[in-house]
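We number each residue from 1, following the sequence as shown. Given the structure is predicted, the values throughout are model-derived calculations rather than measurements. Computed over heavy atoms, backbone and side chain alike; hydrogens, waters and symmetry mates excluded.
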Amino acid sequence: MWMDLLGTWSGFLSVAVILICAIGIPGAVAIALMRQVKGQIEIAHEPAGKAKARHSAWHDQRYAN
């Protein structure tokens, strides 16, 4: 069966597309989640200049961990 499928260019390309869909797409999603890649919406909702919010000393001590 594999020799019949891989014996033609169209069969070989079909297997390549199936492998890309089965391995490549989930792999890319996993890498994006591990690296926390931000999309356009997340970037648009960030404060301008990525300024850190200033909190009181009590807040910093309370939420230090």
Check: Can you name the closest pair of heavy atoms from Cys21 and Pro26 and give their distance?
Finding: O-CD, 3.5 Å
Show which side-chain atoms of residues 5-18 pair as donor or acceptor with protein atoms under 3.5 Å away, not counting sequence neighbours.
unit_1	atom_1	unit_2	atom_2	d
Thr8	OG1	Gly11	N	3.1
Ser14	OG	Ser10	O	2.8

Margin query: Other residues, nucleotides and ligands only: do more than 12 of their heavy atoms fall within 6.0 Å of CD1 on Ile41?
Written below: no
Next item on the list: Flag yes if more than 12 heavy atoms outside Glu42 fall under 6.0 Å of its CD atom; otherwise flag no.
Entry: yes
Item checked: Other cluster members, Leu33 - Ile/Leu/Val/Met/Phe/Trp/Tyr, side-chain contacts below 4.5 Å -> Val29
Checklist line | Qualifying residues under side chain to side chain contact (heavy atoms under 4.5 Å, CB included), relative to Arg35, sequence neighbours excluded | finding: Ile31, Val37
